[in-house]
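Because the structure is a prediction, the values reported are computed rather than measured. Just follow the structure's listing: the first ligand is 1, and inside any ligand the first atom is 1.
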Amino acid sequence: MSAATRRRPLWLLLLPAFVPVVVLVLCVGLFLFFRQGGLEPLRVPTGTGTPAPTDAASIERGRYLARVGNCDTCHTPRGGAPYTGGRAFPTDWGTVFSTNLTPDPDTGLGDWSLEEFRHAMRHGVSRTGMLYPVFPYANFALLEDADLDALFAYLHSLEPVRAEAPANRLDWPASWRPVLLGWRMLYHRPRTPGEVPDRSESWNRGRYLVDGLAHCDMCHSERGRFASLPGERYLAGGIIPGQGWYAPPLTRSTLERFPVDDLAHYLRSGVSLQAAASGPMAEVIFTSLQHLDAADAEAIATYIKDVPDRARPGSRDLVSERSTTAMAGNGRTLYEDHCAQCHGSDGRGRGMDYPALAGNPALTVNDPVNAVRLVLYGGVPPTTALNPRPHSMPPFAHTLSDADVAAVVTYVRGAWGNRGTAVSADQVQRMRGMRID
Ligand code: HEC
Ligand code: HEC
Ligand code: HEC
């Protein structure tokens, strides 16, 4: 061996081993890059392009769709002018602010072309760059051109208002938009619209609305780490981050108790013989779903009643009725004293005024937060055209101790054939500390 070979640096000798590693990393990177849609989504159409349609029918259609998509709730600051943006969305990495959707040319969509709008709605990329997934573009990707064009027509018919959205307050690296390419490569799977051929027209319409414009999975599915999209946990229920509300599964077994008509009525009115809406669901019904036309409400009900159940391994920890009732201690007495006048000694409630607690799976799901919250802070279903004067439930935070609340909630979760687990005074105490929305 010559002296020259012996003096070769170590890294040069190891180079052949690195080459396959580098090639592998590049291949995986390219694969993920193409899986998120390749280069196309990242190229924002520029220029003036097609202007928005201006006919009255498109604008009216757009107004309806904007309500179903709840654009104004997310794009209106609390107490501010509609669609001017600036509503804050807290995330694990800081705060994202929504943008101005009025046709102001400097701060809104005034000089956007229809192509740019369609592109932002489908791919979550605009002249600003890649958009944060708080904006439900993965859902909006399913929208047909005609619906997107109507939405754009409606937004362009609004009064232009100059309103600069506040700069996002995010930690590094989330604050640097290009990092979203990594997120997209890991989690974004462009969805393609399309009908399931062997299902009814109403079922397909329901799926189009639930998965697309109405983005029900934003609350009713739990996201994984780094706000990944639900996938396996599709409509299987989940805790809404930062709010302490549990959105129950929208699947066959939980919704079995609702005939289609009753479920459609619940979506438009906020009440039914089977359940009453509270918290974030009451808000969604108030701002959005009460405006659904009867056919669309029925379509949504038809579809969600047919979503297969997803087993959550290890999370089903049911106890027998007798043992829960025994654990409830003085729960039964408390129930008779404070609750029975509305919900009935038999737990059947009273028509649409007071919801039934017997056989109500939303009440017996593993996570008791909703029931505990309602007993502590009370609640009222939304005021809607179909139910203009809702009855309310009084708060018990000042009348009942943590142990009493735990006992009475444990009682209702276990009585009349209900099969939910017991609730502890500690769980109630933690809920007392939660922010109330
Ligand atoms: C859950 C809340 C939410 C809903 C619902 C929502 N948006 Fe947004 N939207 C946002 C947020 C937050 C942003 C800003 C994202 C960012 O800065 O990365 C945004 C951004 C946008 C953008 C990009 C603006 C720009 O300047 O790049 C458009 C266009 C848009 N939304 C239109 C709509 C329309 C139309 C609807 C109703 C069909 C809608 N949004 C519903 C939260 C929402
Ligand atoms: C902002 C979050 C949020 C969104 C968006 C949302 N929901 Fe809900 N939903 C909830 C919460 C929380 C509950 C539980 C509280 C209650 O029962 O009122 C709930 C309850 C329900 C129930 C009652 C379930 C039962 O078994 O009693 C139905 C049905 C329902 N939602 C359907 C929908 C549909 C359909 C959509 C989309 C069009 C939707 N939700 C969108 C948060 C949400
Ligand atoms: C004055 C009548 C009234 C009394 C008393 C009352 N409730 Fe209610 N309860 C209601 C109404 C109305 C609703 C619907 C609230 C809503 O939609 O926000 C409700 C909702 C509920 C729900 C949620 C049901 C669902 O479908 O999501 C639970 C659980 C509940 N009550 C338990 C209790 C318990 C336990 C007590 C006693 C500590 C009690 N209630 C006392 C009227 C009452």
Side-chain angles (χ1 to χ4, degrees), residues 65-66 68-75 85 87 89 96-101 108-109 112 116-117 120-121 124-137 140 143 148 151-152 155 165 168 177 180 209-210 213-220 240 243 245-250 254-255 257-258 263 266-267 270-271 274-285 288-289 292 300-301 303-304 334-335 337-343 349 353-357 360-363 365 370-371 374-375 378-382 390-394 396 399-400 404-405 408-409 411-413:
L65 296 169
V68 179
N70 222 343
C71 319
D72 63 338
T73 304
C74 281
H75 283 273
R87 177 159 168 172
F89 293 89
V96 178
F97 291 92
S98 62
T99 54
N100 182 353
L101 298 184
L109 305 184
W112 280 40
E116 186 175 354
F117 179 74
M121 294 293 282
V125 184
S126 74
R127 55 181 76 181
T128 314
M130 282 176 268
L131 299 168
Y132 292 100
V134 192
F135 169 45
Y137 61 86
F140 297 158
L143 294 187
L148 287 177
L151 276 167
F152 194 54
L155 293 173
N168 294 334
R177 286 189 188 263
L180 286 168
L209 291 167
V210 166
L213 202 51
H215 60 276
C216 310
D217 63 349
M218 243 198 161
C219 294
H220 285 276
I240 306 173
Q243 294 197 15
W245 279 96
Y246 176 79
L250 298 182
T254 31
L255 302 178
R257 69 192 200 277
F258 289 93
L263 187 51
Y266 168 92
L267 294 173
V271 288
Q274 297 78 10
S278 28
M281 190 63 201
E283 204 179 311
V284 170
I285 291 173
S288 164
L289 303 180
L292 283 171
I300 292 181
Y303 174 69
I304 55 180
L334 288 166
Y335 181 83
D337 290 351
H338 298 285
C339 323
Q341 76 261 36
C342 293
H343 294 288
D353 295 347
Y354 303 121
L357 304 182
N360 183 340
L363 175 64
V365 284
N370 295 358
L374 274 162
V375 173
V380 58
H391 292 264
S392 61
M393 156 133 169
F396 291 92
T399 346
L400 298 181
D404 286 347
V405 174
V408 76
V409 173
Y411 173 72
V412 298
R413 276 162 66 84

Engineer: Within the side chain of Arg87, is there an N or O that forms a donor-acceptor pair under 3.5 Å with the backbone of Thr73?
Structural biologist: yes
Engineer: Are any of the N/O atoms in Met393 less than 3.5 Å from those in ligand 3?
Structural biologist: no
Engineer: Is there a heavy atom in Val210 that sits closer than 4.0 Å to ligand 2?
Structural biologist: no
Engineer: Considering only heavy atoms of Tyr132, which atoms of ligand 1 have at least one such atom less than 4.0 Å away?
Structural biologist: 16 (C), 18 (O)
Engineer: For the pair His220 (side chain) and Pro248 (backbone), establish whether a donor and an acceptor sit closer than 3.5 Å, ignoring hydrogens and angles.
Structural biologist: yes
Engineer: Tell me which protein heavy atom sits closest to atom 35 (C) of ligand 1, plus the residue, atom name and distance to 0.1 Å.
Structural biologist: Met121 CE, 3.5 Å
Engineer: Can you tell me which residue and heavy atom of the protein come closest to atom 25 (C) of ligand 2, and the distance to 0.1 Å?
Structural biologist: Arg257 NH2, 3.5 Å
Engineer: For atom 36 (C) of ligand 2, what is the closest protein heavy atom, and at what distance to 0.1 Å?
Structural biologist: Cys216 SG, 2.8 Å
Engineer: With atoms numbered from 1 as shown, which atoms in ligand 1 lie under 4.0 angstrom from a non-hydrogen atom of Phe89?
Structural biologist: 2 (C), 12 (C)
Engineer: May I ask whether Ser288 places a heavy atom under 4.0 Å from ligand 2?
Structural biologist: no
Engineer: Side chain, backbone, both or neither: which part of Ala275 comes within less than 4.0 Å of ligand 2 when only heavy atoms are counted?
Structural biologist: side chain
Engineer: Among all protein heavy atoms, pick the one closest to atom 12 (C) of ligand 3 and tell me residue, atom and distance.
Structural biologist: His391 O, 3.3 Å
Engineer: Would Leu400 count as a polar contact of ligand 3, with the cut-off being nitrogen or oxygen pairs under 3.5 Å?
Structural biologist: no
Engineer: In the protein, which heavy atom is nearest to atom 3 (C) of ligand 3, and how far is it?
Structural biologist: Cys342 SG, 2.8 Å
Engineer: Answer yes or no for His75: is there an N/O/S atom below the 2.8 Å cut-off from atom 8 (Fe) of ligand 1?
Structural biologist: yes
Engineer: Heavy atom of Gly279 under 4.0 Å from ligand 2?
Structural biologist: no
Engineer: Any idea which protein heavy atom is nearest atom 13 (C) of ligand 2, and the distance to it?
Structural biologist: Pro248 CD, 3.5 Å
Engineer: Tell me, please: is Val405 in heavy-atom contact with ligand 3, that is, under 4.0 Å?
Structural biologist: no
Engineer: Can you name the atoms of ligand 3, numbered from 1 with element, that are less than 4.0 Å from a heavy atom of Pro381?
Structural biologist: 16 (C), 17 (O), 18 (O)
Engineer: So which heavy atom in the protein is nearest atom 28 (C) of ligand 3, and how far is it from that ligand atom?
Structural biologist: Leu357 CD2, 3.6 Å
Engineer: Going by the order shown, which atoms of ligand 1 are within less than 4.0 Å of some heavy atom of Asn70?
Structural biologist: 5 (C)
Engineer: Are any of the N/O atoms on His215, whether in the backbone or the side chain, positioned under 3.5 angstrom from an N/O atom of ligand 1?
Structural biologist: no
Engineer: Is a side-chain N or O of Ser126 found less than 3.5 angstrom from the main chain of Ala120, in a donor-acceptor match?
Structural biologist: no
Engineer: Which bit of Thr128 is near ligand 1, meaning a heavy atom under 4.0 Å away: side chain, backbone, both or neither?
Structural biologist: side chain
Engineer: Just jot down the ligand 1 atoms closer than 4.0 angstrom to any heavy atom of Phe97, in number order.
Structural biologist: 14 (C)
Engineer: Number the atoms of ligand 1 from 1 as they appear, then name those within less than 4.0 Å of a heavy atom of Leu131, with their elements.
Structural biologist: 16 (C), 18 (O), 23 (C), 27 (O)
Engineer: Considering only the protein, which heavy-atom contact is closest to atom 22 (C) of ligand 3, and what is its distance?
Structural biologist: Leu374 CD1, 3.7 Å
Engineer: Quick check on Phe152 - does any of its heavy atoms sit under 4.0 Å from an atom of ligand 1?
Structural biologist: no
Engineer: Please state which part of Leu209 comes within less than 4.0 Å of ligand 2, counting heavy atoms only: side chain, backbone, both or neither.
Structural biologist: neither
Engineer: Just to check, does Phe140 reach to within less than 4.0 Å of ligand 1 when the distance is taken from its heavy atoms?
Structural biologist: yes
Engineer: Using a 4.0 Å heavy-atom cut-off, say whether Leu101 meets ligand 1 through its side chain, its backbone, both or neither.
Structural biologist: side chain
Engineer: Tell me, please, if Cys219 has any N/O/S atom, main chain or side chain, under 2.8 Å from atom 8 (Fe) of ligand 2?
Structural biologist: no
Engineer: What part of Cys71, side chain from CB on, backbone N/CA/C/O, both or neither, has a heavy atom under 4.0 Å from ligand 1?
Structural biologist: both
Engineer: Find, among atoms of His343 that are N, O or S, the one nearest to atom 8 (Fe) of ligand 3, and state its name.
Structural biologist: NE2
Engineer: For His338, counting its heavy atoms only, list the atoms of ligand 3 lying under 4.0 Å from any of them.
Structural biologist: 5 (C), 37 (C), 41 (C)
Engineer: Measuring from the heavy atoms of Asn360, does anything fall under 4.0 Å of ligand 2?
Structural biologist: no
Engineer: Would you mind checking which non-hydrogen protein atom is closest to atom 40 (N) of ligand 2, with the distance to 0.1 Å?
Structural biologist: His220 NE2, 2.8 Å
Engineer: Is Ile300 touching ligand 2 with its side chain, its backbone, both, or neither, if touching means heavy atoms under 4.0 Å apart?
Structural biologist: side chain
Engineer: Tell me the protein heavy atom at minimum distance from atom 27 (O) of ligand 3, and give that distance in Å.
Structural biologist: Ala276 O, 3.8 Å
Engineer: Of all the non-hydrogen atoms in the protein, which one sits nearest to atom 37 (C) of ligand 3, and at what distance?
Structural biologist: Cys339 SG, 1.8 Å
Engineer: Which residue and non-hydrogen atom of the protein lie closest to atom 33 (C) of ligand 2, and at what distance in Å?
Structural biologist: Met281 CE, 3.3 Å
Engineer: Looking only at protein heavy atoms, which one is nearest to atom 23 (C) of ligand 2, and how far off is it?
Structural biologist: Tyr266 OH, 3.3 Å
Engineer: Just let me know how Trp112 lines up against ligand 1, side chain, backbone, both or neither, with a heavy-atom cut-off below 4.0 Å.
Structural biologist: side chain
Engineer: Just need the protein heavy atom nearest to atom 15 (C) of ligand 2, so name the residue and atom and give the distance.
Structural biologist: Asn370 ND2, 3.7 Å
Engineer: Can you tell which of Cys74, Gly124, Ala214, Ala66 gets a heavy atom nearest to atom 2 (C) of ligand 1?
Structural biologist: Cys74
Engineer: Going by the closest heavy atom to atom 17 (O) of ligand 1, which one wins out of Arg177, Met130, Arg127, Glu116?
Structural biologist: Arg177
Engineer: Give me the nearest non-hydrogen protein atom to atom 18 (O) of ligand 2 as residue plus atom name, then the distance to 0.1 Å.
Structural biologist: Ser278 N, 2.7 Å
Engineer: With atoms numbered from 1 as shown, which atoms in ligand 1 lie under 4.0 angstrom from a non-hydrogen atom of Ser126?
Structural biologist: 25 (C), 27 (O)
